[in-house]
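Every chain is numbered from 1, with letters handed out A, B, ... down the list of sequences. Note that the structure is predicted; figures quoted are calculated from it, not measured.
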Amino acid sequence: MTKAIHVKNCATNPSNFNSIISIARQFFSAVAGLESEPEGVRKLFGSPIGVLQDKDLLKKAPNGELLVLYLIDNGAMDADASLYNQLLKKCTEWKRLKEGRVVHEHFLRSRFSHYTVPNNTLINMYAKCESMGDARKVFDEMPERDMVSWTALITGYSQNEGAKEGLVLFTEMLRFGFMPNQFTFGSVLKAAGALESGGTGRQLHGGCVKCGYEENVYVGSALVDMYARCGLMDEGKIVFDKLSCKNEVSWNGLIAGHARKGEGEIALKLFCEMKRGGFQPTHFTFSSVYAACANIGALEPGKWVHVHMIKSGLELIAFIGNTLLDMYAKSGSIDDARKVFDRLLKKDVVSWNSMLTAYAQHGLGKETVECFEEMCRIGPEPNEVTFLCALTACSHAGLLDNGMHYFELMKKFKIEPIISHYVTIVDLLGRSGQLDRAEKFINEMPIEPTAAVWKALLGACRMHKNLELGVYAAEHVFELDPHDSGPHILLSNIYASAGRRSDAARVRKLMNQSGVKKEPACSWVEIENAVHMFVANDDAHPQREEIRNMWENITDKIKEIGYVPDTSHVLWFMDHQEREERLQYHSERLALAFALLNSPHGSPIRIKKNIRVCGDCHTAFKFVSKVVDREIILRDTNRFHHFRNGSCSCGDYW
DNA sequence: CTAGGGTTAG
């Protein structure tokens, strides 16, 4: 407030200025072209005004505030419509809602308050400051609206999680007879994409064609992105190919779409095409491509893209670094993940969370604890995802006490646990064999347990062979989520391992009758930049004979050093020999045999599987790692298993 | 005055 008084004194002393307005004008034209805001202020106001000579005050006061000091100086303010507009634009650019409101009030009292253009700017200002209620109010109260008014409001909604409102407004706009332009289409397409509404998107696409905007880069890119978000990649590709003038954004929309769909190979291929076409990949591109590589566990291609990024000179900021870290972690290279983490220019909360997730996936307990505690000391404030990551990591590493302690710690950080935190704690207790405690924990939860909570308990019952509690948990899962095949299989396995074959059969039958489908298991292995996929009992593979021979060979060797097949993981109704036969050709075994045949001796073997590894394969892999003296890294849906010299990093605990 | 693309958990 003292500042205001100073300025007021200055303002009432005309010998210092010609007018407040001319100063304000200069202020803007000068500041707009200057590097740092305080520097601009100093240059402009360095000598004549007392308060502005105070350098400390000057440093603390950004331009927006200084400006407002002039504006609230009542009598001195006599702006024209274009000055109001400039002021509002600055407030928008700097996202300064408070100052924007002051200008708004002043504007309302002026004789220009009915002018359409500054009102449009006001709508945009409030929208960019995430204050849609205010934006709407301006829109409703302005006497005359044009197409820009509608577009600014629609854009505001589509950028502030108001896709539905945006689309409703769009139809209303058409009813009032306003023609949408390329800006309008860009925004409504974004809204349709956010709602994943392909039907709406196609209609809008028709509108774009009619109005001749289909090949506008902005509209075209928005179309590509809209189709990508609706999962309609083919239609997106058609629009993309038609674009005579593409840019990075068009490419990114396409690449990100495939990355989101888990189509990593296509995303990588497009990345190459983009570069060949002479387009410079941006932060967005790299971020998507790394996510795509992480998804398919493609370490070598990921490294190759990383080299491109280093060559292109892009800095390792959090937004790309986080996905890069995640890519290395999910591709099995935890050391590279840590290196990226250490080299990040600035770590944000997602960086720490990603690092904790990496440790969780690899079951590294000591590192988890160190990382979390370092974060509490020197890092950003942990959020609810942080605790999820840390709790999952404790669960995967068998750190029961640490996990329970972190759960208690959430209170200190004033973070209310959501359902996923409870799921993780049930998992933590259950894995540790504390089944009764897990059950008690569920009963005492302050929120209603979901299917996921019971599923965690069921999984623990399978692990610790607890039939009675397993049945109880399964009943809850069936009731809450009848379409998931996982619980049926788990329960059937629990029955089978307890020798209750007829019950196991009953559950299987129930599953088949209710139309619940089991996801077909498959595994991938990467050999020299090519990814090879295997399904169980694959007879169609060109190398099937060699793979079979190799595996039989290996089986003989591991049996010599103590491997005994455990057939309780396969369907009970086959006879014993047939079961053993079946087990021989689980997809991960085929992938392993293939890798042994086709990769250089001594190099690590990286296999990925789409469901959890079965217990018998896990045992077999441990023996194989010893017999062939190779490191085998297996990624399943849950985590990584590093097999080395006869044991696994998960400590048989997954 | 109004437009399009990216990250962590389960």
For [X], answer base if it contacts any base atom (sugar-phosphate contacts may also be present), sugar-phosphate if it contacts only those atoms, and nothing otherwise; contact means non-hydrogen atoms under 4.0 Å.
X	value
A:Val217	base
A:Lys128	sugar-phosphate
A:Ser221	base
A:Arg260	sugar-phosphate
A:Asn119	nothing

Candidate list A:Val217, A:Ile255, A:Asp225, test side chain to side chain contact (heavy atoms under 4.5 Å, CB included), partner A:Ser250, passing option:
A:Val217
By a strict heavy-atom criterion of less than 4.0 Å, which residues belonging to [range] are in contact with DNA chain B?
range	result
residues 319-331 of chain A	A:Phe319, A:Asn322, A:Thr323, A:Lys330
residues 262-271 of chain A	none
residues 147-159 of chain A	A:Val148, A:Thr151, A:Thr155, A:Gln159

Hey, is the side chain of [X] poking within less than 4.0 Å of OP1 or OP2 on [N], counting only N and O atoms?
X	N	value
A:Lys89	B:dC1	yes
A:Asn124	B:dT2	yes
A:Arg145	B:dC1	no

May I ask you to check if A:Lys347 and A:Phe341 form a cation-pi contact, with NZ or CZ under 6.0 angstrom from the six-membered ring centre and within 45° of the axis?
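Flagged: A:Lys347 positioned over aromatic ring of A:Phe341.
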Taking the basic N atoms (NZ, or NE/NH1/NH2) and the acidic carboxylate oxygens, is any pair closer than 4.0 Å for [X] and [Y]?
X	Y	answer
A:Asp636	A:Lys608	no
A:Lys242	A:Glu214	yes
A:Glu141	A:Lys137	yes

Do A:Glu235 and A:Arg202 come close enough that some side-chain heavy atom pair is under 4.5 Å?
yes
Specify the closest pair of heavy atoms between A:Ser221 and A:Leu243, including all atoms of both residues, with the distance to one decimal.
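In terms of heavy atoms, the two residues are closest at N-CD1, 4.3 Å.
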If every non-hydrogen atom of A:Arg635 is compared with every non-hydrogen atom of A:Asn295, which pair is closest and at what distance?
NH2-O, 3.2 Å
[X] has an atom [atom1]; how far is it from atom [atom2] of [N], in whole Å?
X	N	atom1	atom2	answer
A:Met355	B:dT8	CE	P	15 Å
A:His283	B:dG5	NE2	C1'	13 Å
A:Ile425	B:dG10	CD1	C1'	14 Å
A:Asn216	B:dA3	CG	C1'	8 Å
A:His104	B:dC1	NE2	P	18 Å
A:Leu223	B:dA3	CG	P	17 Å
A:Met375	B:dA9	CE	C1'	13 Å
A:Asp146	B:dC1	CG	C1'	8 Å

Between A:Phe372 and A:Tyr406, does the ring centroid distance fall short of 6.0 Å?
yes
State yes or no: are the ring centers of A:His396 and A:Tyr359 separated by less than 6.0 Å?
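When the ring centroids of A:His396 and A:Tyr359 are compared, they turn out to be at least 6.0 Å apart.
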What nucleotide among [options] has an atom nearest to a side-chain atom of [X]?
X	options	answer
A:Tyr218	B:dT8, B:dG4, B:dT7	B:dG4
A:Thr392	B:dC1, B:dA9, B:dG4	B:dA9
A:Phe284	B:dG6, B:dT8, B:dA3	B:dG6
A:Ser354	B:dG4, B:dT8, B:dC1	B:dT8

Using only heavy-atom distances, decide whether a donor-acceptor pair under 3.5 angstrom links the side-chain of A:Thr282 to the base of B:dG6.
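Donor-acceptor pair under 3.5 Å: no.
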Donor-acceptor pair (no angle test) under 3.5 Å: A:Asn247 side chain, B:dG4 base:
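Such a pair exists between side chain and base.
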A:Tyr328 pairs by side chain to side chain donor-acceptor pair (under 3.5 Å) with which of A:His306, A:Arg338, A:Lys303?
A:His306
With A:Trp150 as reference, evaluate A:Phe170, A:Phe139, A:Tyr157 under the ring-ring contact (aromatic ring centres under 6.0 Å, His included) test and give the passing residue.
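Testing each of A:Phe170, A:Phe139, A:Tyr157 against A:Trp150, the sole residue satisfying ring-ring contact (aromatic ring centres under 6.0 Å, His included) is A:Phe139.
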Give the C-alpha distance, both sets of side-chain angles, the deciding distance and a yes or no for side chain to side chain contact (heavy atoms under 4.5 Å, CB included) between A:Val423 and A:Lys455.
CA-CA 9 Å; A:Val423 173; A:Lys455 226 153 65 179; over 6 Å; no
